[in-house]
Amino acid sequence: MGGGGGAPPTGPIYFSADWDASEDEQDAIDEYLRGAAEVIGEDNVGIYGGYWPLSRALDHGTARWAWQAEAWSGWNVDPRIHLLQRNSVGYVNVGGVDCDVNEARKPDYGQWSISQEAPMNDEVLGDIREQLCGTGQREPGHYGGWPQLGDRTVVDALAAIGAKLGIDGFEGPCART
């Protein structure tokens, strides 16, 4: 496994069995997961899918991590899962895109975390600054903002939304200089 792009050197990759897989198909799914384990290590192999293929993979030891979709699960939920995709609650819209709703079922589901051991260098700070302040805004100074936020930074956009909604303590962004 990598560690590139800020990723930790180990952690799960969830491989998809994104169909209503029958018991007859489980051997192929398990072989697929064993092949993945040969490359990334068996402790890093996860499976995404419905209750039955996911539960069988956990029972067979071909996956260590599990992200279950409510679809194809018949309202069964395996108690060993790390994540649950909540198909029954619909979608949330993020930036004009409908996204699935997922629920963490274990404290560690393979998420990246920033710990005190994580390197905080100029590249990481530049990434953070650019995400908050707009494309090309990697250096300290005047921040142009995001075009889709009316050339506001994320913080300025949140302040404007809060002020427009009349939320106590929110003020519109300061005038730019």
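What you see below is based on every heavy atom in this structure, not just the backbone, and it leaves out hydrogens, waters and symmetry mates.
- When atom types are taken as modelled, the side chain of Asn44 and the backbone of Gly11 share a donor-acceptor pair closer than 3.5 angstrom.
- Annotation: side chain of Trp52 is not in contact with side chain of Trp72 (no heavy-atom distance under 4.5 Å).
- Glu70 contributes atom CD, which lies 5.0 Å from atom CZ of Arg86 (distance to the nearest 0.5 angstrom).
- Nearest approach of Leu58 to Ala63, heavy atoms of both residues: CD2-O, 3.4 Å.
- Between Tyr109 and Asn102 there is no side-chain heavy-atom pair separated by less than 4.5 Å.
- Placement of Trp19 and Ile47 within a single hydrophobic cluster is found when ILVMFWY residues are connected by side-chain heavy-atom separations under 4.5 Å, directly or transitively.
- Annotation: the span from Ile29 atom CD1 to Leu54 atom CG amounts to 10.0 Å, rounded to 0.5 Å.
- The hydrophobic cluster containing Tyr91, built from Ile/Leu/Val/Met/Phe/Trp/Tyr side-chain heavy atoms closer than 4.5 Å, comprises no other residue.
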Return all side-chain donor-acceptor pairs below 3.5 angstrom for residues 32-43, not counting sequence neighbours, or 'none' if the list is empty.
residue, atom, partner, partner atom, Å
Arg34, NH1, Glu31, OE2, 2.6
Glu42, OE2, Arg64, NH2, 2.9

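- Across His60 and Asp30, no two heavy atoms sit closer than the pair ND1-OD2, 2.6 Å.
- Cluster membership for Tyr51 and Trp75, using ILVMFWY side-chain heavy atoms within less than 4.5 angstrom, is not shared.
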Trace of the salt bridge (charged side-chain N to carboxylate O under 4.0 Å, His left out) decision for Arg105 with Asp78: CA-CA 10 Å; Arg105 290 294 184 101; Asp78 191 296; over 6 Å; no
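- A distance-only check finds a donor-acceptor pair linking the side chain of Gln68 to the backbone of Asn76 [under 3.5 Å].
- Residues Leu83 and Gln111 have side chains not in contact (no heavy-atom distance under 4.5 Å, counting atoms from C-beta outward).
- Of the possible polar contacts, none joining the Gln26 side chain to the Glu23 backbone as a donor-acceptor pair under 3.5 Å is found.
- Note that OG of Ser73 and CG of Leu84 are 8.0 Å apart. Values are rounded to the nearest 0.5 Å.
- Linking ILVMFWY side-chain heavy atoms closer than 4.5 Å, directly or via other members, places Ile161 and Val94 in two distinct hydrophobic clusters.
- Tyr48 and Trp65 end up in the same hydrophobic cluster when Ile, Leu, Val, Met, Phe, Trp and Tyr side chains are linked at under 4.5 Å.
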